[in-house]
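Below is one structure, written out as C-alpha coordinates; comments come after it.
Per chain, numbering begins at 1; letters A, B, ... match sequence-line order. None of the values given here were measured: they were computed from a predicted structure.
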Amino acid sequence: MKKAIISKISEYNEQNVIVDGWTYNSRRSGKIGFLSLRDGFGIIQCIVEKQKIGDELFESFKRLHQESSISVIGKVVENSRAIGGYEILVEDFTIHQLTENYPITPKEHGTDFLMNHRHLWLRSKKQHSILKIRHQIVKAIRDFFDNNDFTLVDTPIFTPNAAEGTSTLFETNYFDSKAYLCQTGQLYGEASAMAFGRHYNFGPCFRAEKSKTRRHLTEFWMVEPEIAYADINDNMEWAERLIAYIVKQVLDNRMNELNVLGRDIDKIKNIMTPFPRVSYTECIEILNKSGNEIKWGEDFGSPEETYIANQFDKPVIVYGFPSEIKAFYMKRDPNNEKVVLGMDILAPEGYGEIIGGSEREVNINTLLDRIKEEKLNKSDYEWFLDLRRYGSVPHSGFGMGLERVVAWICGISHIRETIPFARTMNRINP
RNA sequence: UCCGGCAUAGCUCAGUUGGUUAGAGCAAUGGACUGUUAAUCCAUGUGUCCCUGGUUCGAGUCCAGGUGCCGGAGCCA
(Lines give C-alpha, C1' and ligand atoms only; values in the text may rest on other atoms or scores of the structure.)
Protein backbone atom coordinates (compact mmCIF):
# COMPACT_ATOMS: atom_id res chain seq x y z
CA MET A 1 0.00 0.00 0.00
CA LYS A 2 1.19 3.51 -0.80
CA LYS A 3 2.23 6.09 1.75
CA ALA A 4 0.55 9.41 1.07
CA ILE A 5 1.18 12.90 2.32
CA ILE A 6 -1.88 14.98 3.08
CA SER A 7 -1.00 17.88 0.78
CA LYS A 8 -1.20 15.44 -2.16
CA ILE A 9 -4.12 13.37 -0.91
CA SER A 10 -6.33 14.25 -3.89
CA GLU A 11 -4.01 12.14 -6.06
CA TYR A 12 -5.15 9.09 -4.09
CA ASN A 13 -8.91 9.55 -4.37
CA GLU A 14 -10.78 6.23 -3.93
CA GLN A 15 -7.50 4.46 -3.07
CA ASN A 16 -6.29 2.87 0.15
CA VAL A 17 -3.27 4.62 1.63
CA ILE A 18 -1.10 4.86 4.73
CA VAL A 19 -0.69 8.30 6.30
CA ASP A 20 1.91 8.82 9.04
CA GLY A 21 1.17 11.66 11.40
CA TRP A 22 -0.06 13.01 14.70
CA THR A 23 -3.55 13.50 16.07
CA TYR A 24 -4.43 17.17 15.85
CA ASN A 25 -7.84 16.86 17.46
CA SER A 26 -10.48 14.20 17.90
CA ARG A 27 -14.22 14.25 18.44
CA ARG A 28 -16.71 11.49 19.00
CA SER A 29 -20.37 11.14 18.51
CA GLY A 30 -21.25 7.72 19.88
CA LYS A 31 -20.00 5.05 17.57
CA ILE A 32 -18.49 7.39 15.00
CA GLY A 33 -15.28 9.32 15.60
CA PHE A 34 -13.67 12.24 13.81
CA LEU A 35 -9.92 12.41 13.97
CA SER A 36 -8.01 15.37 12.61
CA LEU A 37 -4.72 13.95 11.45
CA ARG A 38 -1.72 16.23 10.99
CA ASP A 39 1.35 15.08 9.07
CA GLY A 40 3.34 18.27 8.62
CA PHE A 41 2.08 18.67 5.06
CA GLY A 42 -1.54 19.24 5.94
CA ILE A 43 -4.47 18.23 8.08
CA ILE A 44 -7.13 15.75 7.07
CA GLN A 45 -10.23 14.42 8.76
CA CYS A 46 -10.32 10.68 9.37
CA ILE A 47 -13.58 8.86 9.98
CA VAL A 48 -13.45 6.13 12.60
CA GLU A 49 -16.56 3.94 12.71
CA LYS A 50 -16.93 1.41 15.50
CA GLN A 51 -18.91 -0.93 13.27
CA LYS A 52 -16.13 -0.90 10.69
CA ILE A 53 -12.99 -1.21 12.82
CA GLY A 54 -14.33 -3.25 15.76
CA ASP A 55 -14.66 -2.64 19.49
CA GLU A 56 -11.00 -3.09 20.41
CA LEU A 57 -9.62 -0.60 17.89
CA PHE A 58 -12.41 1.84 18.65
CA GLU A 59 -11.39 1.76 22.33
CA SER A 60 -7.79 2.61 21.33
CA PHE A 61 -9.09 5.46 19.21
CA LYS A 62 -10.72 6.92 22.32
CA ARG A 63 -7.29 7.12 23.97
CA LEU A 64 -5.72 9.13 21.14
CA HIS A 65 -5.22 12.51 22.73
CA GLN A 66 -3.73 15.52 21.03
CA GLU A 67 -0.35 14.86 19.39
CA SER A 68 -0.30 11.08 19.74
CA SER A 69 1.77 9.70 16.88
CA ILE A 70 -0.01 7.21 14.64
CA SER A 71 -0.10 5.69 11.19
CA VAL A 72 -3.55 5.48 9.65
CA ILE A 73 -4.63 3.03 6.95
CA GLY A 74 -7.81 3.82 5.07
CA LYS A 75 -9.57 4.81 1.91
CA VAL A 76 -9.40 8.36 0.59
CA VAL A 77 -12.82 9.73 -0.39
CA GLU A 78 -14.19 13.08 -1.43
CA ASN A 79 -16.59 14.66 1.05
CA SER A 80 -17.73 18.26 1.06
CA ARG A 81 -18.37 18.13 4.81
CA ALA A 82 -14.66 17.68 5.48
CA ILE A 83 -12.34 20.69 5.53
CA GLY A 84 -10.11 20.30 2.49
CA GLY A 85 -12.75 18.30 0.62
CA TYR A 86 -11.26 14.86 1.31
CA GLU A 87 -11.38 12.48 4.24
CA ILE A 88 -10.01 9.05 5.08
CA LEU A 89 -12.32 6.17 6.02
CA VAL A 90 -10.14 4.45 8.60
CA GLU A 91 -9.70 0.70 8.34
CA ASP A 92 -6.79 0.33 10.73
CA PHE A 93 -4.18 2.37 12.56
CA THR A 94 -1.04 1.74 14.57
CA ILE A 95 0.01 3.82 17.54
CA HIS A 96 3.64 4.89 17.86
CA GLN A 97 3.15 6.84 21.06
CA LEU A 98 0.11 7.77 23.13
CA THR A 99 0.56 11.36 24.23
CA GLU A 100 -0.71 12.47 27.62
CA ASN A 101 -1.37 16.06 28.66
CA TYR A 102 -0.06 17.92 25.63
CA PRO A 103 0.51 21.44 26.96
CA ILE A 104 -1.00 23.41 24.08
CA THR A 105 -4.74 22.83 24.18
CA PRO A 106 -7.29 24.03 21.61
CA LYS A 107 -7.99 27.17 23.63
CA GLU A 108 -6.40 30.54 24.10
CA HIS A 109 -2.90 30.79 25.50
CA GLY A 110 -0.69 33.70 26.41
CA THR A 111 2.33 34.66 24.33
CA ASP A 112 4.84 33.94 27.08
CA PHE A 113 3.46 30.44 27.62
CA LEU A 114 3.48 29.77 23.88
CA MET A 115 7.00 31.12 23.42
CA ASN A 116 8.16 28.89 26.30
CA HIS A 117 6.68 25.99 24.33
CA ARG A 118 7.89 27.19 20.96
CA HIS A 119 9.24 23.71 20.13
CA LEU A 120 5.63 22.45 20.30
CA TRP A 121 3.89 25.63 19.16
CA LEU A 122 5.47 25.10 15.72
CA ARG A 123 2.93 22.30 15.21
CA SER A 124 -0.02 24.69 15.46
CA LYS A 125 -1.82 25.67 12.29
CA LYS A 126 -1.01 29.35 12.40
CA GLN A 127 2.66 28.94 13.25
CA HIS A 128 2.97 26.24 10.62
CA SER A 129 1.51 28.61 8.02
CA ILE A 130 3.84 31.46 8.96
CA LEU A 131 6.90 29.25 8.61
CA LYS A 132 5.66 27.79 5.32
CA ILE A 133 5.35 31.34 4.01
CA ARG A 134 8.78 32.19 5.41
CA HIS A 135 10.16 29.26 3.46
CA GLN A 136 8.38 30.45 0.30
CA ILE A 137 9.88 33.91 0.77
CA VAL A 138 13.38 32.50 1.26
CA LYS A 139 12.95 30.43 -1.89
CA ALA A 140 11.66 33.45 -3.81
CA ILE A 141 14.63 35.53 -2.72
CA ARG A 142 17.11 32.88 -3.80
CA ASP A 143 15.28 32.23 -7.08
CA PHE A 144 15.12 35.94 -7.85
CA PHE A 145 18.84 36.45 -7.46
CA ASP A 146 19.80 33.13 -9.04
CA ASN A 147 17.62 33.88 -12.06
CA ASN A 148 19.31 37.26 -12.45
CA ASP A 149 22.91 35.99 -12.53
CA PHE A 150 23.78 36.79 -8.94
CA THR A 151 26.21 34.53 -7.09
CA LEU A 152 25.58 33.53 -3.50
CA VAL A 153 28.81 34.18 -1.60
CA ASP A 154 28.61 33.56 2.13
CA THR A 155 30.05 36.24 4.37
CA PRO A 156 31.64 35.47 7.74
CA ILE A 157 29.75 35.50 11.04
CA PHE A 158 32.82 36.11 13.22
CA THR A 159 34.17 39.54 12.45
CA PRO A 160 37.02 41.51 13.96
CA ASN A 161 35.27 44.88 13.96
CA ALA A 162 32.08 46.83 13.58
CA ALA A 163 30.93 47.34 10.02
CA GLU A 164 28.79 50.35 10.78
CA GLY A 165 30.20 51.43 14.10
CA THR A 166 26.84 52.48 15.43
CA SER A 167 24.93 49.35 16.33
CA THR A 168 25.78 47.34 19.39
CA LEU A 169 27.72 44.16 18.79
CA PHE A 170 27.76 40.82 20.53
CA GLU A 171 31.27 40.23 21.77
CA THR A 172 32.75 36.75 21.88
CA ASN A 173 35.92 35.33 23.26
CA TYR A 174 38.00 34.33 20.22
CA PHE A 175 40.98 32.45 21.67
CA ASP A 176 43.11 35.22 23.14
CA SER A 177 41.33 38.12 21.53
CA LYS A 178 37.88 39.49 20.89
CA ALA A 179 35.64 38.84 17.95
CA TYR A 180 32.14 40.04 17.24
CA LEU A 181 29.10 38.44 15.68
CA CYS A 182 28.37 40.06 12.35
CA GLN A 183 25.70 42.72 12.15
CA THR A 184 25.91 42.79 8.35
CA GLY A 185 27.92 41.07 5.63
CA GLN A 186 27.99 44.18 3.52
CA LEU A 187 31.67 45.06 3.44
CA TYR A 188 32.49 41.49 2.43
CA GLY A 189 29.71 41.70 -0.14
CA GLU A 190 31.53 44.60 -1.76
CA ALA A 191 34.66 42.45 -2.12
CA SER A 192 32.55 39.71 -3.66
CA ALA A 193 30.79 42.08 -6.08
CA MET A 194 34.19 43.07 -7.48
CA ALA A 195 34.86 39.36 -8.09
CA PHE A 196 31.45 38.19 -9.31
CA GLY A 197 29.73 41.34 -10.58
CA ARG A 198 26.46 40.52 -8.89
CA HIS A 199 26.65 39.18 -5.35
CA TYR A 200 24.28 38.27 -2.57
CA ASN A 201 24.70 36.87 0.90
CA PHE A 202 21.87 35.53 3.00
CA GLY A 203 22.26 34.56 6.61
CA PRO A 204 21.85 35.49 10.25
CA CYS A 205 22.88 38.85 11.67
CA PHE A 206 23.25 39.78 15.31
CA ARG A 207 22.55 43.03 17.08
CA ALA A 208 22.87 43.51 20.81
CA GLU A 209 20.40 46.37 20.87
CA LYS A 210 18.22 46.53 23.93
CA SER A 211 15.12 46.87 21.81
CA LYS A 212 11.85 45.55 23.12
CA THR A 213 9.51 46.15 20.24
CA ARG A 214 7.50 44.06 17.85
CA ARG A 215 10.01 44.82 15.09
CA HIS A 216 13.25 43.68 16.76
CA LEU A 217 15.17 40.47 17.30
CA THR A 218 18.77 40.07 18.46
CA GLU A 219 19.27 37.36 15.82
CA PHE A 220 17.60 37.87 12.46
CA TRP A 221 18.14 36.96 8.84
CA MET A 222 19.16 39.44 6.21
CA VAL A 223 19.71 39.13 2.48
CA GLU A 224 22.22 41.56 1.03
CA PRO A 225 22.82 41.94 -2.70
CA GLU A 226 25.79 44.01 -3.88
CA ILE A 227 26.01 45.01 -7.52
CA ALA A 228 29.03 46.30 -9.44
CA TYR A 229 28.49 49.08 -11.99
CA ALA A 230 25.13 49.97 -10.42
CA ASP A 231 24.07 53.41 -9.22
CA ILE A 232 21.45 54.34 -6.66
CA ASN A 233 18.65 54.22 -9.24
CA ASP A 234 19.62 50.74 -10.38
CA ASN A 235 19.66 49.79 -6.73
CA MET A 236 16.10 51.01 -6.18
CA GLU A 237 14.93 49.08 -9.22
CA TRP A 238 16.52 45.83 -8.04
CA ALA A 239 14.97 46.31 -4.61
CA GLU A 240 11.43 46.96 -5.82
CA ARG A 241 11.59 44.13 -8.34
CA LEU A 242 12.71 41.78 -5.57
CA ILE A 243 9.82 42.73 -3.30
CA ALA A 244 7.25 42.49 -6.09
CA TYR A 245 8.59 39.05 -7.02
CA ILE A 246 8.42 37.80 -3.42
CA VAL A 247 4.82 38.96 -3.01
CA LYS A 248 3.79 37.33 -6.28
CA GLN A 249 5.43 34.02 -5.37
CA VAL A 250 3.65 33.95 -2.02
CA LEU A 251 0.30 34.81 -3.61
CA ASP A 252 0.80 32.16 -6.29
CA ASN A 253 1.92 29.37 -3.94
CA ARG A 254 0.77 30.03 -0.39
CA MET A 255 -2.82 31.22 -0.62
CA ASN A 256 -3.99 28.48 1.78
CA GLU A 257 -1.53 29.62 4.41
CA LEU A 258 -2.48 33.29 3.95
CA ASN A 259 -6.11 32.28 4.47
CA VAL A 260 -5.26 30.34 7.64
CA LEU A 261 -3.67 33.54 8.91
CA GLY A 262 -6.71 35.58 7.91
CA ARG A 263 -4.56 37.91 5.84
CA ASP A 264 -6.44 40.63 3.95
CA ILE A 265 -5.28 39.75 0.44
CA ASP A 266 -6.42 43.11 -0.97
CA LYS A 267 -3.62 44.74 1.00
CA ILE A 268 -0.87 42.80 -0.80
CA LYS A 269 -2.28 41.82 -4.18
CA ASN A 270 -1.32 45.10 -5.88
CA ILE A 271 2.32 45.26 -4.82
CA MET A 272 3.75 45.91 -8.28
CA THR A 273 6.60 48.05 -9.54
CA PRO A 274 7.31 50.91 -9.67
CA PHE A 275 7.09 51.88 -6.00
CA PRO A 276 6.60 55.52 -5.06
CA ARG A 277 9.83 57.44 -4.44
CA VAL A 278 9.95 60.32 -2.02
CA SER A 279 12.99 62.21 -0.80
CA TYR A 280 13.91 62.68 2.83
CA THR A 281 13.39 66.43 2.39
CA GLU A 282 9.87 65.84 1.01
CA CYS A 283 9.17 63.57 3.99
CA ILE A 284 10.12 66.35 6.38
CA GLU A 285 7.69 68.65 4.55
CA ILE A 286 4.91 66.05 4.69
CA LEU A 287 5.54 65.52 8.40
CA ASN A 288 5.67 69.23 9.18
CA LYS A 289 2.38 69.77 7.35
CA SER A 290 0.76 67.11 9.51
CA GLY A 291 1.89 68.91 12.66
CA ASN A 292 5.02 66.87 13.38
CA GLU A 293 7.85 69.23 14.33
CA ILE A 294 10.75 67.12 13.08
CA LYS A 295 13.62 69.25 11.76
CA TRP A 296 15.75 68.63 8.69
CA GLY A 297 18.74 66.55 9.75
CA GLU A 298 16.93 64.47 12.38
CA ASP A 299 16.39 60.77 11.84
CA PHE A 300 12.83 59.45 11.64
CA GLY A 301 11.41 57.82 14.72
CA SER A 302 9.02 54.96 14.49
CA PRO A 303 5.84 57.13 14.46
CA GLU A 304 7.28 59.31 11.66
CA GLU A 305 8.19 56.26 9.61
CA THR A 306 4.68 54.84 10.02
CA TYR A 307 3.10 58.15 9.05
CA ILE A 308 5.11 58.31 5.82
CA ALA A 309 4.39 54.67 4.99
CA ASN A 310 0.66 55.18 5.57
CA GLN A 311 0.52 57.78 2.81
CA PHE A 312 0.93 54.94 0.29
CA ASP A 313 -0.64 51.54 -0.35
CA LYS A 314 2.63 50.11 -1.65
CA PRO A 315 6.09 50.03 -0.11
CA VAL A 316 7.60 53.50 -0.39
CA ILE A 317 11.21 54.29 -1.25
CA VAL A 318 12.67 57.13 0.80
CA TYR A 319 15.97 58.49 -0.49
CA GLY A 320 18.46 61.32 0.07
CA PHE A 321 19.09 61.16 3.80
CA PRO A 322 21.36 63.61 5.62
CA SER A 323 24.86 62.16 5.60
CA GLU A 324 25.30 62.70 9.36
CA ILE A 325 22.70 60.07 10.22
CA LYS A 326 23.92 57.42 7.79
CA ALA A 327 26.82 54.97 7.66
CA PHE A 328 30.32 55.99 6.57
CA TYR A 329 30.37 53.88 3.39
CA MET A 330 27.42 55.62 1.69
CA LYS A 331 28.27 57.87 -1.25
CA ARG A 332 27.55 61.59 -0.92
CA ASP A 333 25.27 63.06 -3.53
CA PRO A 334 27.61 64.96 -5.93
CA ASN A 335 24.86 67.57 -6.41
CA ASN A 336 24.30 68.06 -2.68
CA GLU A 337 27.08 67.15 -0.28
CA LYS A 338 24.67 67.27 2.69
CA VAL A 339 22.86 64.11 1.65
CA VAL A 340 23.87 60.58 0.75
CA LEU A 341 22.76 58.38 -2.13
CA GLY A 342 20.99 56.07 0.28
CA MET A 343 17.49 54.71 0.31
CA ASP A 344 15.16 52.94 2.71
CA ILE A 345 12.03 51.05 1.76
CA LEU A 346 9.17 51.28 4.23
CA ALA A 347 6.52 48.57 4.19
CA PRO A 348 2.84 49.55 4.33
CA GLU A 349 0.58 49.08 7.36
CA GLY A 350 3.17 50.22 9.88
CA TYR A 351 5.62 47.35 9.39
CA GLY A 352 8.47 49.80 9.11
CA GLU A 353 11.77 49.67 7.31
CA ILE A 354 12.26 46.43 5.40
CA ILE A 355 15.16 47.54 3.20
CA GLY A 356 18.08 49.88 3.67
CA GLY A 357 20.66 50.45 0.95
CA SER A 358 22.88 52.87 -0.88
CA GLU A 359 25.33 53.60 -3.61
CA ARG A 360 28.73 53.10 -2.02
CA GLU A 361 31.45 55.68 -1.61
CA VAL A 362 34.28 54.90 -4.03
CA ASN A 363 36.64 57.80 -3.37
CA ILE A 364 39.32 56.51 -1.03
CA ASN A 365 40.08 59.91 0.45
CA THR A 366 36.43 60.55 1.28
CA LEU A 367 36.26 57.13 2.90
CA LEU A 368 39.37 57.83 4.95
CA ASP A 369 37.86 61.11 6.16
CA ARG A 370 34.62 59.37 7.09
CA ILE A 371 36.46 56.59 8.93
CA LYS A 372 38.30 59.25 10.91
CA GLU A 373 35.06 61.17 11.64
CA GLU A 374 33.36 58.01 12.93
CA LYS A 375 36.46 57.25 15.06
CA LEU A 376 36.80 53.84 13.45
CA ASN A 377 40.08 51.94 13.51
CA LYS A 378 41.66 52.48 10.08
CA SER A 379 43.76 49.32 10.17
CA ASP A 380 40.59 47.22 10.43
CA TYR A 381 39.49 48.63 7.09
CA GLU A 382 42.69 48.29 5.08
CA TRP A 383 41.37 45.31 3.14
CA PHE A 384 38.16 47.22 2.43
CA LEU A 385 40.16 50.21 1.21
CA ASP A 386 42.01 47.87 -1.17
CA LEU A 387 38.72 47.55 -3.04
CA ARG A 388 39.11 51.28 -3.84
CA ARG A 389 42.75 50.89 -4.83
CA TYR A 390 42.38 48.11 -7.37
CA GLY A 391 39.76 48.54 -10.07
CA SER A 392 37.21 50.50 -8.07
CA VAL A 393 33.84 51.03 -9.81
CA PRO A 394 30.49 52.58 -8.91
CA HIS A 395 28.48 49.98 -7.03
CA SER A 396 25.41 49.70 -4.88
CA GLY A 397 23.61 47.28 -2.63
CA PHE A 398 21.00 46.90 0.04
CA GLY A 399 19.99 44.73 2.96
CA MET A 400 16.51 43.31 3.44
CA GLY A 401 15.35 42.02 6.81
CA LEU A 402 13.67 38.68 6.24
CA GLU A 403 11.54 38.59 9.39
CA ARG A 404 10.06 42.03 8.79
CA VAL A 405 9.10 41.02 5.27
CA VAL A 406 7.52 37.82 6.57
CA ALA A 407 5.62 39.76 9.23
CA TRP A 408 4.32 42.24 6.67
CA ILE A 409 3.25 39.66 4.07
CA CYS A 410 1.65 37.44 6.73
CA GLY A 411 0.05 40.38 8.52
CA ILE A 412 1.52 39.21 11.84
CA SER A 413 1.79 41.90 14.46
CA HIS A 414 4.95 40.62 16.17
CA ILE A 415 8.18 39.59 14.45
CA ARG A 416 8.95 36.87 17.04
CA GLU A 417 6.47 34.52 15.33
CA THR A 418 8.18 34.87 11.95
CA ILE A 419 11.38 33.02 12.94
CA PRO A 420 11.42 29.42 14.21
CA PHE A 421 13.18 30.16 17.49
CA ALA A 422 13.20 33.85 18.31
CA ARG A 423 16.06 35.48 20.15
CA THR A 424 15.16 38.70 21.89
CA MET A 425 16.55 40.72 24.76
CA ASN A 426 14.60 38.57 27.23
CA ARG A 427 14.61 35.22 25.49
CA ILE A 428 17.19 32.70 24.40
CA ASN A 429 15.13 29.57 25.24
CA PRO A 430 14.02 27.18 23.88
C1' U B 1 17.89 52.79 29.66
C1' C B 2 13.02 55.51 30.16
C1' C B 3 7.40 55.45 30.46
C1' G B 4 2.92 52.50 31.25
C1' G B 5 0.52 47.78 32.47
C1' C B 6 0.10 42.76 34.36
C1' A B 7 1.27 38.40 37.86
C1' U B 8 -4.88 33.72 41.17
C1' A B 9 -5.78 25.80 39.08
C1' G B 10 -1.86 22.48 33.65
C1' C B 11 -3.96 26.81 30.24
C1' U B 12 -7.18 31.46 29.71
C1' C B 13 -9.34 34.40 33.20
C1' A B 14 -13.23 36.29 37.22
C1' G B 15 -12.74 37.41 42.38
C1' U B 16 -17.44 43.40 44.92
C1' U B 17 -16.11 48.85 50.13
C1' G B 18 -10.39 43.99 53.14
C1' G B 19 -14.45 39.27 56.04
C1' U B 20 -13.77 33.66 57.53
C1' U B 21 -14.97 27.40 53.00
C1' A B 22 -11.05 30.66 46.38
C1' G B 23 -14.52 30.52 41.36
C1' A B 24 -15.70 29.64 35.86
C1' G B 25 -14.42 27.81 31.01
C1' C B 26 -10.91 24.67 28.63
C1' A B 27 -7.60 20.48 29.27
C1' A B 28 -7.64 15.57 32.14
C1' U B 29 -10.78 11.20 34.00
C1' G B 30 -15.73 8.34 33.68
C1' G B 31 -20.38 8.19 31.02
C1' A B 32 -24.36 9.42 26.74
C1' C B 33 -24.66 10.30 21.50
C1' U B 34 -23.39 7.51 13.71
C1' G B 35 -21.51 13.66 10.55
C1' U B 36 -18.45 16.39 14.09
C1' U B 37 -15.47 21.16 12.53
C1' A B 38 -12.40 24.83 19.33
C1' A B 39 -18.73 19.31 18.78
C1' U B 40 -22.53 19.05 22.65
C1' C B 41 -24.60 17.17 27.39
C1' C B 42 -23.94 14.84 32.57
C1' A B 43 -20.44 13.66 36.56
C1' U B 44 -15.38 13.99 38.98
C1' G B 45 -10.40 16.14 40.61
C1' U B 46 -7.34 20.46 40.65
C1' G B 47 -4.23 26.08 44.26
C1' U B 48 3.28 28.41 47.35
C1' C B 49 -3.31 33.68 45.03
C1' C B 50 4.95 35.75 42.01
C1' C B 51 8.58 36.75 46.36
C1' U B 52 9.94 39.53 50.93
C1' G B 53 8.37 42.79 54.51
C1' G B 54 4.50 46.06 56.49
C1' U B 55 -0.68 48.00 57.95
C1' U B 56 -4.97 45.32 60.21
C1' C B 57 -8.81 41.45 64.78
C1' G B 58 -8.51 39.69 59.62
C1' A B 59 -4.86 40.59 53.17
C1' G B 60 -5.79 37.23 46.75
C1' U B 61 -7.60 42.38 47.73
C1' C B 62 -4.25 48.00 50.87
C1' C B 63 1.22 49.93 51.27
C1' A B 64 6.77 49.48 50.29
C1' G B 65 10.73 46.94 47.98
C1' G B 66 12.17 43.02 44.68
C1' U B 67 11.56 39.49 40.54
C1' G B 68 9.38 37.99 35.95
C1' C B 69 6.62 39.15 31.74
C1' C B 70 3.85 42.38 28.27
C1' G B 71 3.22 47.04 25.40
C1' G B 72 5.51 51.57 23.83
C1' A B 73 9.91 55.00 23.22
C1' G B 74 15.02 55.38 21.78
C1' C B 75 18.14 52.35 18.22
C1' C B 76 17.62 49.63 13.87
C1' A B 77 16.52 45.36 9.34
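Aromatic ring pairs are classed by plane angle as parallel below 30°, tilted from 30° to 60° and perpendicular above 60°; the pair Tyr188(A) and Trp383(A) is parallel. Aromatic ring pairs are classed by plane angle as parallel below 30°, tilted from 30° to 60° and perpendicular above 60°; the pair Phe398(A) and Phe145(A) is tilted. Between Phe58(A) and Phe61(A), the ring planes are tilted. Angles from 30° to 60° get that label.
Here, A38(B) and U1(B) have their P atoms 44 Å apart, quoted to the whole Å. Distance check on atom C1': G19(B) versus A24(B) gives 22 Å, rounded to whole Å. Going from the P atom of C33(B) to that of U12(B) covers 35 Å, rounded to whole Å. Atom P of G72(B) sits at a distance of 30 Å from the matching atom of G10(B), rounded to the whole Å. With C1' as the reference atom, G65(B) and A73(B) are 26 Å apart, rounded to whole Å. Spacing of C1' atoms, G47(B) relative to G15(B), comes out at 14 Å, to the nearest Å. Annotation: G45(B) and G25(B) have their C1' atoms spaced 16 Å apart (nearest Å). A14(B) and G30(B) have their P atoms separated by 32 Å, given to the nearest Å.
Listed nucleotides: U34(B), U36(B), C70(B). Nearest to the side chain of Lys212(A): C70(B). Looking at the side chain of Asn426(A), the nearest of the listed nucleotides G74(B), G35(B), C69(B) is C69(B). Distance from the side chain of His65(A) is smallest to U29(B) among C70(B), U29(B), A73(B). Nearest to the side chain of Gln51(A), among G71(B), U37(B), U34(B), sits U34(B). Comparing atom distances between the Gln45(A) side chain and each of A73(B), U37(B), A77(B) picks out U37(B) as nearest. Listed nucleotides: C76(B), U37(B), G71(B). Nearest to the side chain of His414(A): G71(B). Here the nucleotide nearest the side chain of Arg215(A), chosen from A27(B), G35(B), C75(B), is C75(B). Taking the side chain of Ser29(A) as heavy atoms from C-beta on, and the options C33(B), G72(B), A77(B), the nearest nucleotide is C33(B). Of the candidates G74(B), U12(B), G35(B), the closest approach to any side-chain atom of Ile32(A) belongs to G35(B).
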Could you check Leu402(A) against Phe220(A) for side-chain contact (heavy atoms from CB on, under 4.5 Å), going step by step and ending with a plain yes or no?
CA-CA 7 Å; Leu402(A) 175 64; Phe220(A) 64 98; over 6 Å; no

Run Ile354(A) and Ile243(A) through side-chain contact (heavy atoms from CB on, under 4.5 Å) and show every step you take.
CA-CA 10 Å; Ile354(A) 50 174; Ile243(A) 292 173; 3.8 Å; yes

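The pairing partner recorded for U61(B) is none, the criterion being a Watson-Crick or G-U wobble arrangement whose two distances lie under 3.5 angstrom. In this entry A14(B) has no Watson-Crick or G-U wobble partner, no candidate having both defining distances under 3.5 Å. For C76(B), there is no paired nucleotide, since no Watson-Crick or G-U wobble pair has both relevant distances below 3.5 Å. The partner of C33(B) is absent, by the rule that a Watson-Crick or G-U pair needs both atom distances under 3.5 Å. Base pairing analysis places U46(B) opposite nothing; no Watson-Crick or G-U wobble pair with both distances below 3.5 Å involves it. In this entry G68(B) has C6(B) as its Watson-Crick or G-U wobble partner, both defining distances falling under 3.5 Å.
Atom C1' of nucleotide U36(B) and atom CD1 of Ile88(A) are separated by 17 Å, given to the nearest angstrom. Put simply, CE on Met222(A) is 13 Å from P on C76(B), counting in whole angstrom units. Spacing between atom CD of Gln186(A) and atom P of A77(B) amounts to 10 Å, rounded to whole angstrom units. Spacing between atom CD1 of Ile354(A) and atom P of A77(B) amounts to 13 Å, rounded to whole angstrom units. Summarising the geometry, the separation between CH2 on Trp121(A) and C1' on C11(B) is reported as 14 Å, rounded to the nearest angstrom. Atom NZ in Lys62(A) sits roughly 13 Å away from atom C1' in U34(B) (whole-Å rounding). Asn429(A) has its CG atom 11 Å from the P atom of C69(B), to the nearest Å. The separation between Asn116(A) atom CG and G10(B) atom P is 15 Å, rounded to whole Å.
Among all heavy-atom pairs drawn from Ala228(A) and Met194(A), the shortest one is CB-CE, 4.4 Å. Here the closest heavy-atom approach between residue Lys338(A) and residue Glu324(A) is recorded as O-OE1, 4.4 Å. The minimum heavy-atom distance between Leu152(A) and Asn201(A), with the atom names listed, is CD1-CA, 4.0 Å.
At the phosphate of A39(B), OP1 or OP2 sits under 4.0 Å from a side-chain N or O atom of Asn25(A). Under 4.0 angstrom from either OP1 or OP2 of G71(B) there lies at least one side-chain N or O belonging to Arg416(A). The shortest distance between the side-chain N/O atoms of Arg28(A) and the OP1/OP2 oxygens of A39(B) is not below 4.0 Å. Remark: Ser302(A) is in phosphate contact with A73(B), judged by side-chain N or O atoms under 4.0 Å from OP1 or OP2. The phosphate of C13(B) has neither OP1 nor OP2 within less than 4.0 Å of any side-chain N or O from His109(A). In terms of phosphate contacts, Arg27(A) brings a side-chain nitrogen or oxygen within less than 4.0 Å of OP1 or OP2 of A39(B). Close to U29(B), at under 4.0 Å from its OP1 or OP2, lies no side-chain N or O of Asn101(A).
Every ring pair (Phe, Tyr, Trp, His ring centres under 6.0 Å) that Tyr280(A) has, sequence neighbours left out, goes to Trp296(A), Phe300(A), Phe321(A).
Both stacking criteria are satisfied for Phe220(A) over the base of A77(B): a centre-to-centre distance under 5.5 angstrom and an angle between ring planes under 30 degrees.
Taken to the nearest 0.5 Å, the CG atom of Asp20(A) stands 10.0 Å off from the CD1 atom of Ile6(A).
Side chain Glu87(A) to base G35(B): a donor-acceptor pair is found below 3.5 Å.
Here Gly33(A) lies out of heavy-atom contact (under 4.0 Å) with every strand. Using a 4.0 Å heavy-atom cutoff across all strands shown, Glu49(A) reaches at least one base atom of the nucleic acid. Nucleic acid contact class of Ile83(A) (heavy atoms, under 4.0 Å, all strands): base. Residue Leu402(A) is classed as having no contact, given no heavy-atom separation below 4.0 Å to the nucleic acid. Backbone-only contact: Gly301(A) has heavy atoms under 4.0 Å from sugar-phosphate atoms and none from a base. Residue contacts shown for Ile104(A) are absent, as no nucleic acid heavy atom lies under 4.0 Å away.
The residue among Met115(A) and Glu403(A) whose nearest nucleotide of RNA chain B is located toward the 5' end is Met115(A). Toward the 5' end of RNA chain B, the nearer of the two residues Lys326(A) and Thr105(A), judged by each one's closest nucleotide, is Thr105(A).
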